[in-house]
Amino acid sequence: MIEVITSLFLIFMILGALIALESRDLFSSIISIGVVGFILSALFLFLKAPDIAIVQIVIEILTLVILIRATISRDVCFYEDTREFFPFAVNIIFLLLFSIIFISVLKYMPEFGEISSKVREFYLKEGFKKTGAANIVTSVILDFRGYDTLGEATVLFTSILGAVTLLRRRAKNE
Amino acid sequence: MNEKGMTVIVKTVTRYISGLIFLFGLYILLFGHLTPGGGFAGGVIMAGCFILITLSFGKEEIEKFLKHKKVTFLESLGALIFLIMSFLPVIFGKDYFLNIIHQKFGSIYFKFLSSGNIIIYNIGIAIKVMAGIFFVFFILSITRVVVFKGDYKIVKRK
């Protein structure tokens, strides 16, 4: 049952991504990106990961608002592009090559829902006792895997710094 | 009636709802160690509250209580809280990122103050994410993309 729902959601997500790539109107492609994100958050809820679902839905709403309000401002709305033959053929060849490699690797992947890591049982048994956090996800990302969160925070800080610096200087020079 | 921002309907709804959105973000943040949620989601929801105010009232209204300097200060403060709390066990001769508050006052479970360092990490991350995402939105909304002699340019919005 869960496999059917998951594959249905994945098919819809791929369709949304294709529409977002192919439509000429930037506004409709942004709406399609939003559809992809909301389906992803529903998929996380079905796979019993409410933490990631909350983060995904909130980020998706903010991304839509930022993309619509801040980047599309009645000026650049249509996107003109003509497709030439040679890049298209190269794309198709590489797509076929990578899909052959990917399909041959796919049989070594673990089954859907199979427990593949040994450390998971340690987290489930000891995480609550060692950190006191009833939410195991929080105890993992902020205590056992604190380094990862520190790196994530650094990445966010640096990227926001970069974006702010770039946009501000351009706007001042004008 | 001033002309900035959106219509009266949007302004009235924002006046009633923005505080509730901020409270919900605070709840998601402060109970991140007991229920689904955490610092990142709570911070983004609180940033959403400020973005809602900016959208409906215009950027002059938000600049009255959230200036540029304050936002940059908040972002750096959040990162510093996270870093200092992670370095705190090293001062007492323990391992980096060890949950020393829980080890000292342990054996409380399913309570608000049950998880020691984790709630302080969450608060730091939430402050940082809130300030950062709001700042990016603010910078993007005062600049705009125009077509100038065939290529795209970023100029300041009038």
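Lettering follows sequence order; numbering is per chain, from 1. Keep in mind that the numbers below use all heavy atoms, side chains included, and drop hydrogens, waters and symmetry copies. All figures in this text were calculated on a predicted structure; none of them were measured in a lab.
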Whatever's closer than 4.5 Å to a heavy atom in chain A on Ile118(B) counts as both
Bottom line for Thr35(B): the part with an atom under 4.5 Å from chain A's heavy atoms is backbone
Members of [range] whose heavy atoms come closer than 4.5 Å to chain B:
| range | value |
| --- | --- |
| residues 144-155 of chain A | Gly146(A), Tyr147(A), Thr149(A), Leu150(A), Ala153(A) |
| residues 1-20 of chain A | none |
| residues 127-139 of chain A | Phe128(A), Lys129(A), Lys130(A), Thr131(A), Gly132(A), Ala133(A), Ala134(A), Asn135(A), Thr138(A), Ser139(A) |

When you look at [atom1] of [X], are more than 12 heavy atoms from neighbouring residues, nucleotides or ligands closer to it than 6.0 Å?
| X | atom1 | value |
| --- | --- | --- |
| Leu106(A) | CG | yes |
| Phe46(A) | CZ | no |
| Phe73(B) | CZ | no |
| Phe65(B) | CZ | yes |
| Phe112(B) | CZ | yes |

Under 4.5 Å between side-chain heavy atoms, counting indirect links through other Ile/Leu/Val/Met/Phe/Trp/Tyr residues: same cluster for [X] and [Y] or not?
| X | Y | value |
| --- | --- | --- |
| Leu83(B) | Ile91(B) | yes |
| Phe38(A) | Ile33(A) | no |
| Ile100(B) | Leu113(B) | yes |
| Leu47(A) | Met109(A) | no |
| Ile139(B) | Leu161(A) | no |

Subject >> Region of Leu156(A) in contact with chain B, defined by heavy-atom distances below 4.5 Å >> reply: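 Contact with chain B: backbone and side chain both.
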Pick whichever of Leu98(B), Asn99(B), Ile119(B), Val136(B) has the most heavy-atom pairs under 4.5 Å with chain A.
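Most heavy-atom pairs under 4.5 Å with chain A: Asn99(B).
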Note: vs chain A, highest number of non-hydrogen pairs under 4.5 angstrom among Gly116(B), Gly32(B), Gly48(B), Gly38(B) is Gly32(B)
Nearest 0.5 angstrom please: [X] [atom1] to [Y] [atom2], how far?
| X | Y | atom1 | atom2 | value |
| --- | --- | --- | --- | --- |
| Leu142(A) | Asn117(B) | CG | CG | 10.0 Å |
| Phe40(B) | Ile54(A) | CZ | CD1 | 13.0 Å |
| Ile68(A) | Leu55(B) | CD1 | CG | 10.5 Å |
| Leu62(A) | Ile133(B) | CG | CD1 | 6.0 Å |

Within residues 120-129 of chain B, contacts to chain A at heavy-atom distances under 4.5 Å involve Tyr121(B), Asn122(B), Ile125(B), Lys128(B), Val129(B)
